[in-house]
Structure formats: structure tokens, C-alpha cells
Amino acid sequence: MKKQFLIACITLLSFTAIPFISQAQTAEKQAIIKVSGEVSTPLTIDAAFLQKFTQTTVTRKDRDGKDHTYSGVILSEILKNAGVTLGPELKGENLTKYLLVEAGDGYQVIFALAELDKSFTDRTIILADQVDGKPLAPGDGPYRIIVQDEKKPARCIKQVTAMQVHFVK
Amino acid sequence: MHNRTKLYLSLKKLPRGKGCVMFILLAFIIILSGWSYINNTIETGAYNFVYPANFGNRIQIPADNPTTKQGVYLGRMLFYETKLSANNTLSCSSCHEQRKAFTDGRAFSPGVDHVLTSRNSMSLVNLLWGRKFFWDGRATGLEEQASTPLTNPHEMGQSLEASAKKLSQTPAYPALFKLVYGDEDINGNRITKAIAQFERTLISANSRYDQYLRKAYQLTADELKGMELFNNAPQPDKGIRGANCAHCHGGVKTYMELFHNNGLDSIPKDAGIGALTGLAADRGRFKVPTLRNITLTAPYMHDGRFKTLDEVVDHYSEHIQESASLSAFLRGESNEPGGQSLKLLPREKKQIIAFLNMLTDSAFINNPDFTDPHLLTTKTKQH
């Protein structure tokens, strides 16, 4: 009698536990990008944050040799939101600042701030979250830098996880 | 000189008696021998790192731990010091042996409690350029890294406070710490700093590959072919055969501080960086380790699953396991048009291994500056 009761209890318990276990497995964290360094407001970028900005598209050829349309937010707009010295402030020693972008695999590339600023260049550099109207592939996204017209794709860094603004030492 | 004045002062404080005389004599001998030993053999001053220009100068030395010759010496003493473990049996060198390029030949290593580590011991080489340590890159500096094996109950299992206390009671150490830090205070911070200083000196830059790069060695036909396969991505439509290893393991140091899922399992037992970030993209993502001295550091991978380089190359050629977090660099790379895996020929596999053999640096594993200094002292004492 006792034994049966025990078994019943365990079965009941395991049923109630299942939703929790499966929840733990599916509760996957969403990727974010931390913006830090020489900023007045450090940012944590996620999908909702990017929606607050005007969306811009850039078309560039991928390794497959075909044109693809990437959409996202102009990088300098995000940096301005963090209080980075762009626009009229980008002069004097601020011209020795750079943006270091890091990917989930540890890969890093840099851009001089002047490369990102509209008063210096018309070339558009965006933080993309979509390609041809669809979210980026897991290996590329959720966020990727797209540099308009740059011949090599090496700075179109994938799986972006962090952006830091620094002075050269 | 200071030691003598101190001894004189302590004489006055001590109670009189036979035991006391013996004690003073003993203390005198210990202090004097420690003092003369230090004065005779330890070089002092800034440590000058020597490495080839093509390694680059992106070296990592924290401002609060400049490298000195005396600091490196103390760190070397500590690296081989079993007193830093709970039962005085293990030192760093138990799992990081010089002759095995600072690995231990085991898949997992037993700690003081005989429980095995959960991952494979890593080669300690060219750490001067490293920024993230461990298989999952969780330690951001060598100083921080060192406290983990010291205090982990399944490794050396002793608090830094207990280690500091033991060293304070061990001849030579108080004087050594004074030589390095200006006073005899011994604490965890000073212990890990000195160990990190020693680790930064573990530079390997004289393998046959290094010699080839500085035009002091002529490649054999197989080594040349192996190097090409290692460096090239396969492009079957252009008739270029490759294994694309350099995409992750490239550069003159064969280490680029990248973290990838190299297709060992579809559902990894150990999630690697994924366990830290909780991100799907990081599941089974691990440090791309250096290939320097790779013939000496078997077994391979974070869990030591492969015993030989043949098994490793077979893995990349035929057994990459698909998963959502598999590195894009390993996806759809093939030497056959439309192929799903590298499909290297048996001869090509041998050639890649011939290239990997070139990465062994015998000057590094025999460098007398990296050996156990405790053995040296006992040796000189015996003479």
C-alpha cells in the first residue's frame, strides 16, 4: 500500500516537474550588444532597441557573388545615442578615437570614428539585423556590420556582441 | 644585511635557555643560507622579453604587475611549489609538464581530492599575447586565471590565505617576496602575480616552422604540401585543394584567440561558452587552442577524446557533426564539388600531419629557464 502511494507521489511530482525542466531548456537567452568605452551613456542593444531608429538598407555582394539587401540602423546613429563624439564634436583629439567591434567568436575589427561620420563620408555603415527581408542566419546574426562598397568582407563582422569606443594610446 | 639586524633584535626578545640557543642557531642558519642563496643566484631588474618581430607587440602585461627578473624567478619557484596544494602533493607542474609543452598527457587530471578535472589540461605557451584564458575564455588575465587551480577543490584545493601562511613558514620565501615586492608580506595577490610573471616568459618561437618563416629551414615536399593544405580553403571549382585549418588556427603563432564550435558533437555534453552566456550560438563553442608543440600535447580537444593527430584530421575530414552552433567556417567546406565534408585524401592527411610536426619546439621544452628551480637548489646543495 505504502509503496504504491510512494510511486503515485513520484509520478505526480515528475509530471509537475516536466514543464519546469522543458522551460529551462527552451528559455534561451537573446543575443545583445554592449556599447561601452568613451561613451556618456553605455548601451545594451537588443531587437526592441533597434526598432526605435530609422531603418536603412545597404546592398552589397556576398561571398556567393550575388547582391543582397541588408537592413538595419546606421552605426553612427546608435553611437550618437550613446553620446559618442560625432558630428560637430568630431575634431581635435577626438579624431584619434576608434570603434572596436567584437564578435561572438572573439574576432575583432576597428573603424576610425571619422569612417562612420556623415560629415566625413557618404559611405553608409549599418548594424544590420535583416538580409533580403529576413532575419540574418544564425551563423551571421542576429547582428552584423555591413560596410557599403568595401571590397573585402572582412570588416562586415558577424555575430556582433560588443562595441567599444577608445582613444589610441 | 637587514636579516642580521633583525636577528639581533629578536635575540633580545627571546627567553633564555638551551632550547632557545638551539632555536637561534637554527634560525640563524636558515636565514643566512636563504640570504646568501638569494644574493648569490638571483638576478634582479626589469625582465626583457625576447621574441620574433612577426609575433607582434600586442602583449598583455597589467600596469600593476610589471615583469622583473626576480618576479619571474619567484613565479617559477611557485609554479613548481607543492606547498601550494592542500596535501602538499600537487603543483601547477603536475598538470603542466614542460616536456609535454606544459600539458600532462591525460584526458582529465586528478586533483588533491582525486576527483578528475572536467576538461583537458591546456598547453601553456605564448601566454604573453593571451587575453582570455581557459577552454571557455572565462578568465581575462593570467593573474586572475592562476587563483582558479590554486583554490579549486578538484585541483590544488587550498585557499590563497592558507598558501600564503605556508609560504611564510618556508625558508627562502619571505626573503624572496621581499626581493620582489619590497617587503616580506606574502598574500594571494602577490602569489598569483609572480606566477603570472613566470608564465609570460614561456615563449615558444623556435620550431621548424619559425625557422622556415625566418628562412633558416627548407621545407620537405610533404611539409610544403601540408602547409598549403593547412592554409588554403578548398575550392574544387578552381582545382584548389585545402583543409582551411588556418582560418581558425592560422598566423605565425598558430593561435588567434578565437572561439568556435568545431563539430565534435551535435548535442555537446559540455556546452563550453554556451554554459556561461546561455546563447544558442555559443553551444559547444570552445577556445581554438594553439597548435604549437601539438605532437607533444595529446590527447586532444577540451575532453581529450582524440588520442592521435590522425584521429583529429579524420574528424575534420569526415566526421564534423552538424548543429545550429557549428562554426560557419566548417559548413559546406569540401574538396569535392557540392560535397558536405572536406574529403581529404590519405596522402593529404599525412602531409597535414607532417606540417603539424613542424610546430614542435624542442628548444622550448628543454629551456633550462623553465625547469623546476627546487631541483636546482637541491642539486647545488649536494655538490
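In what follows, chains carry the letters A, B, and so on, assigned in the order in which the sequence lines appear, proteins first and then strands, with residues in each chain numbered from 1. Any value given below was found using the heavy atoms of this structure, including those in side chains, with hydrogens, waters and symmetry copies removed.
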Requested in this report: Identify whether the distance between the nearest side-chain nitrogen and carboxylate oxygen of B:Arg131 and A:Glu102 falls below 4.0 Å.
Outcome: no
**Report entry** Residue part contacting chain A, namely of B:Ser327, when any heavy atom lies under 4.5 Å
**Finding:** neither
Query raised in the report: B:Lys287 versus chain A, heavy atoms under 4.5 Å apart: side chain, backbone, both or neither?
Result: neither
Requested in this report: Could you tell me which of B:Leu326, B:Asp282, B:Thr277, B:Ile273 has the largest number of non-hydrogen atom pairs under 4.5 Å with chain A?
Outcome: B:Thr277
Query raised in the report: Which pair of heavy atoms, one from B:His260 and one from A:Asp105, lies closest together, and at what distance?
Result: NE2-OD2, 3.0 Å
Query raised in the report: Do other residues, nucleotides or ligands put more than 12 heavy atoms under 6.0 Å from the CD atom of A:Gln30?
Result: no
Report task. Please look at A:Gln108 and chain B and tell me whether the side chain, the backbone, both or neither of the residue comes under 4.5 angstrom of a heavy atom of that chain. Result -> side chain
Requested in this report: Count the heavy atoms belonging to other residues, nucleotides or ligands that lie under 6.0 Å from CG of A:Asp67, then report whether that count exceeds 12.
Outcome: yes
Query - Nearest atoms (heavy-atom pairs only) where A:Gln159 meets B:Ala281 - result: NE2-CB, 3.9 Å
